[in-house]
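The next block holds one structure in the form of structure tokens; read it before the comments.
The analysis underlying the following values was restricted to heavy atoms, covering all of them including side chains, and did not include hydrogens, waters or symmetry mates. Within every chain, numbering begins at 1; the chains are lettered A, B, ... in the order of the sequence lines, protein sequences first and strands thereafter.
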Amino acid sequence: MSTTDIAEKMVDRAAARAGTGRGGLLRRLATSPLGMAALLVDLLLLLLVVFGPMIWGAAAEEFDVDNMNSPPTDGHLFGTDSLGRDILLRVLVATRLSIGLALGATAIGAVIGLLLGAIPAVAGPRVGRAVVAVVNVAVAFPGLLLALFFASIFGASPSGAMLALGVAFAPGFARLTQTLTAGVVGRDYVSAARVIGVGRLRIIGRHLLPNVADTLVVNISLSAGGALLAFAGLSFLGLGVQAPSYDWGRMLFDGLDGIYVNPAAALAPGLAIVLAGLALNLTGEVGAQLVGRRVGSARLPAKPATGAATSVADGPDGSPGADDLVLDLRGLTVSFPRGRGEKSVPVRGVDLRIARGEAVGILGESGSGKSLTAMSVARLVPDPARVDVQSLTFEGRDLSANTSRELRRMLGTTMSVVFQDLMSSFNPVMKVGRQLAEVATEHQGIGRRAALDRAIGRLRSVSISRAEQRALQYPHELSGGMRQRAMIAMGLMGSPTLLIADEPTTALDATVQRRVLQLIAGVRAAEQSALLLISHDVAVVAAMCDRILVMYAGRVVEDIPVDDLLAGPRHPYSRALLAAVPTIQTDRSQSLRTIEGRPPQPADYPIGCAFAERCAFASEKCQQDPVLEPIDNGSVACWHPQQGPVPGVVIDSPAVVSRQRATTATAGPVMPSHEPSRTRERGR
Amino acid sequence: MSSLEFRNLTVTFGRGEKTVVAVDAVSLVVPDRTVVGLVGESGSGKSTLARAAVGLVDARSGDILVDGQPATTGRRRRGGLQMVFQDPYSSLDPRMSIGASIAEALPSDVRRAERRGAVAELLEQVGLDPLLAPRMPSGLSGGQRQRIALARALAAEPAVLIADEITSALDVSVQGQVLNLLREVQRGLAMSVLFISHNLATVCYLSDIVAVMERGRIVEIGPTEQIVADPQHPYTRELLESAPRLGEKIDPEQLAVPD
């Protein structure tokens, strides 16, 4: 999982927590100023629509023969029309017809649009293509023109105009529905429904529309504002409401005659149209915001911030001297804001030291914080996250505060990163060769020609055939494996002292994986680089690294030389991980050892050992935080460290196996097997 | 008796010169009560074969037979084919409760009053609490979702189950749970399963028979032990050599790094 994914998921989760239930939605509406305003105006409109004609209906029809076409007076706030009727009252009464017609037209458009738009998703290819073509042509016509056209067909009446406007709105909705459902129809749950045998209409009704409803509803309420305006336009042109009925458009039409005598007669319905239109649009906007999963406003700075000033000169304790360390990271904490001043902390105090030329692996499952740790070292943590370190020294320089250009340049040449997500790591609109060359021109001040030559050389060195031609191609023209190797070639453009690879082979097939791992190993050998390899796969880190850090719930739970890990790690989680993954040698007659439950989410990290609730050895003591304490050649954060080989795990290394034999004699208790949940025979 | 047979199945995409042959005249039998593992790398056509079996992709020629009869899917008839998909985050409708998702797959003659009980039974069968039924899938982990997807497939009472990369999207510690569950269910119900994966280790662990697919063709098939111990086809050998083994070190390739 790439860090951006992690960040996105956290943002999603934060938004989800902020309230998606109906109650939460209303509460959020009421607490935001915009939502409050929309709610109030909508309520006012609703009251007018329901009660307006009842209260003022009769009064609005009263002729005041003494005051025809009167300008505003005390008795008539906006004056009167040509028959002496009060303009203000008529505007209030006309709310019902105006809004009703606008909503009616929107509803007609929405229903036709939804049906047309959903057809291509479930119909056969031929019918689907025909519908798409028709909709595309219809979308190309300006809406108002279509409305005028249909209005003249359906006749100059309110219902005719409503129908006309509805039909004119339909293509837009159809197009939107088409686009939205096309995104959903490819999802597996729709395929699953088909395989189950769910009918087409039911697929539309139960699986497609509910999953695009949010966006559709928002767009429909936004369109209602447009419909209001359009309808006023039609009435104004004499194609909509006819006397003696009146809506705002009709009143505008009537009021315009006497604009020089009483401008207020045209102004009042105009104002009503503007206000009601704004209200409807506001409702749509607020809806869009709620649907659009906005993150809370509590954004923290993304720049790394140093905590309490710890002197780097403290020197490492025991192990390699400061000069031999490529990287010395202490007290790394990464946190994400979760709104309302809360935050989740997916990385909680990680120390990481890498000696010159050493290969260190970080092993962990998704959400363990391993990728965020690596990205923090490369200073590539995504935006809403906050990175805190006690100290971060790379090649003897303090990186924790420094953000100068010189530093960027130093990082560019001495640290290189191989990402997991192939497509997004390359710029899709830039040729591969130029992207590689840019590394050299940016960081080493080499001319473009020379840099491109070097890029081609590096591509060749990672076994990319016809490197000259490949360099002139765009990333999407290369195969997945080739892109991955090109990424590694990019990492090679400098002479990195530290190569960071975050799940470099996760998406790759076994044969390509092996090739890529060989290449990374080759790079290390040639450049004497240190390696920080992040993976969820024990076999991969064990094959590549000298030392392995096992991470769980944002902490390092074990730091152990690779051979010790294979011979039998100390931490129950490391042992369980080793046993959980089947390899070719796994005994088929046995059930796989499993770890019941699942890793905790950053928001729910417990106090004490985070693995305790899944651990067979947990005791009361595990409610206290275990500290990473030295043991043998490594260190472990566990109150009940185990020893001896992990039963059922076949190790393909004679040296390790002979060591295991030697220790088995003195081995303590082994991990008990968890009985897998029983399966009952189903009655038929 | 329930067996699945592909007879000379060919699936192509595109037309004219751009035609891509995804599955090339494949014949494969999944015998009664047997797990057949289909292994191959991305683009080998293994998923297309599965999708053709359940009717999500049209075959160009050839037959798909269940017990000698043309295969069916759906809930109208028991004894058809069902499939569990790779991505548990995409295979459950986010707007439908877990119970509703499973109930949708129950045979249409199961009476309304019996549905709730049937759903509860299925949830228990896949090791989940029946009280989860009214919940929406959003709060669940990948492993739990995959169990639900399995329950949904079982609800239709299929003759043969197709599992397409069902553990690829799961965490390491959860993968084992799902593999164990599938094994138990297969044994408990004496079901035939076509288990598809790019991961040779999981395929070998679960299957009685392994078929190796490369570029739309099945290049080797045989009992699992035989395939592992004595692979005949060079591609099978390459796959076996590439499969990660614990304790083996990666040899750095001799890389000339020109300056």
Side-chain angles (χ1 to χ4, degrees), chain A residues 187-189 191-198 206-207 210-211 365-366 457 461 509-511 513-514 517-519 521-526 536-540 542-544 566 576-577 580-584 586 588 591-595 598-599 649-653 656 676-677 679-682, chain B residues 41-42 54-56 73-76 82-83 85 87 90-96 104-105 121 124-125 127 141 143 152 156 171-177 179-180 184-185 188-189 198 200-202 204-205 224 228 238-240 242-253 255-258:
Chain A
R187 310 218 58 165
D188 284 344
Y189 57 80
S191 300
R194 284 194 180 149
V195 173
I196 288 167
V198 179
R206 284 202 77 170
H207 294 286
N211 282 295
E365 298 182 82
S366 61
S461 76
D509 288 323
T511 51
Q513 159 166 309
R514 194 171 192 82
L517 291 180
Q518 283 170 341
L519 286 164
V523 170
R524 270 196 67 214
H536 67 277
D537 190 332
V538 191
V540 166
M544 296 289 288
L566 293 170
L577 262 191
V581 187
T583 63
I584 298 284
T586 305
R588 302 214 307 120
S591 281
L592 285 175
R593 294 294 167 77
T594 60
I595 315 173
R598 56 162 150 159
V649 175
V650 185
I651 304 293
D652 209 356
S653 158
V656 172
S677 53
T679 309
R680 268 195 257 146
E681 178 102 28
R682 244 184 96 204
Chain B
E41 307 209 317
S42 49
V54 293
L56 290 172
T73 57
R75 53 196 171 137
R76 291 203 184 76
Q82 279 302 318
M83 175 150 136
F85 292 80
D87 183 0
S90 137
S91 68
L92 293 178
D93 188 332
R95 298 298 164 101
M96 246 162 112
E104 197 175 48
E121 200 180 321
E124 250 172 47
Q125 193 170 13
S141 70
R152 177 178 56 189
D171 258 326
V172 188
S173 69
V174 180
Q175 247 180 49
Q177 295 171 13
L179 288 177
N180 280 344
E184 284 167 39
V185 168
L189 300 178
H198 71 281
L200 190 61
T202 51
C204 288
Y205 174 69
T224 308
V228 173
E238 194 186 344
L239 276 185
L240 273 166
S242 308
R245 284 158 206 267
L246 275 174
E248 184 196 26
K249 290 278 172 193
I250 291 280
D251 258 344
E253 221 180 34
L255 279 180
V257 182

Quick one: pull up [atom1] in [X] and [atom2] in [Y] and give me the separation to the nearest 0.5 Å.
| X | Y | atom1 | atom2 | value |
| --- | --- | --- | --- | --- |
| A:Arg187 | B:Asp87 | CZ | CG | 7.0 Å |
| A:Gln513 | B:Ser242 | CD | OG | 9.0 Å |
| A:Thr583 | B:Leu246 | OG1 | CG | 6.0 Å |
| B:Ser90 | A:Asp188 | OG | CG | 3.5 Å |

For the residue pair [X] and [Y], what are the closest heavy atoms and their distance?
| X | Y | value |
| --- | --- | --- |
| B:Asn180 | A:Thr594 | ND2-CG2, 3.2 Å |
| A:Val195 | B:Phe85 | CG2-CZ, 4.4 Å |
| A:Ala193 | B:Glu104 | CB-OE1, 4.4 Å |
| A:Tyr189 | B:Pro94 | CE2-CD, 3.4 Å |
| B:Asp93 | A:His207 | OD2-ND1, 2.7 Å |
| A:Ala192 | B:Ser91 | CB-O, 4.4 Å |

Heavy atoms, side chains only, cut-off 4.5 Å: are [X] and [Y] in contact?
| X | Y | result |
| --- | --- | --- |
| B:Val172 | A:Asp537 | no |
| B:Lys249 | A:Met544 | no |
| B:Arg95 | A:Arg206 | no |

> Side chain, backbone, both or neither: which part of A:Ile584 has a heavy atom under 4.5 Å from chain B?
Replying inline: both

> Between A:Val649 and chain B, which part of the residue has a heavy atom less than 4.5 Å away: side chain, backbone, both or neither?
Replying inline: side chain

> Taking atom types as modelled, is there a side-chain donor on B:Gln175 or A:His536 under 3.5 Å from an acceptor on the other?
Replying inline: no

> Do you know which of B:Cys204, B:Gly247, B:Gly176 has the most heavy-atom pairs under 4.5 Å to chain A?
Replying inline: B:Gly247

> Among all residues two or more places apart in sequence or in another chain, which pass the side chain to side chain contact (heavy atoms under 4.5 Å, CB included) test with B:Arg245?
Replying inline: A:Gln585, A:Asp652, B:Glu248

>> Taking side chain to side chain contact (heavy atoms under 4.5 Å, CB included) as the definition, give me every residue that meets it alongside A:Ser653, ordered by chain and number, with sequence neighbours left out.
In response: A:Ile651, A:Ala655, A:Val656

What part of [X] gets within 4.5 angstrom of chain A, counting heavy atoms only: side chain, backbone, both, or neither?
| X | answer |
| --- | --- |
| B:Leu92 | backbone |
| B:Val228 | side chain |
| B:Leu179 | side chain |

> For A:Leu592, does its backbone N or O pair with a side-chain atom of B:Tyr205 as donor and acceptor, under 3.5 Å?
Replying inline: yes

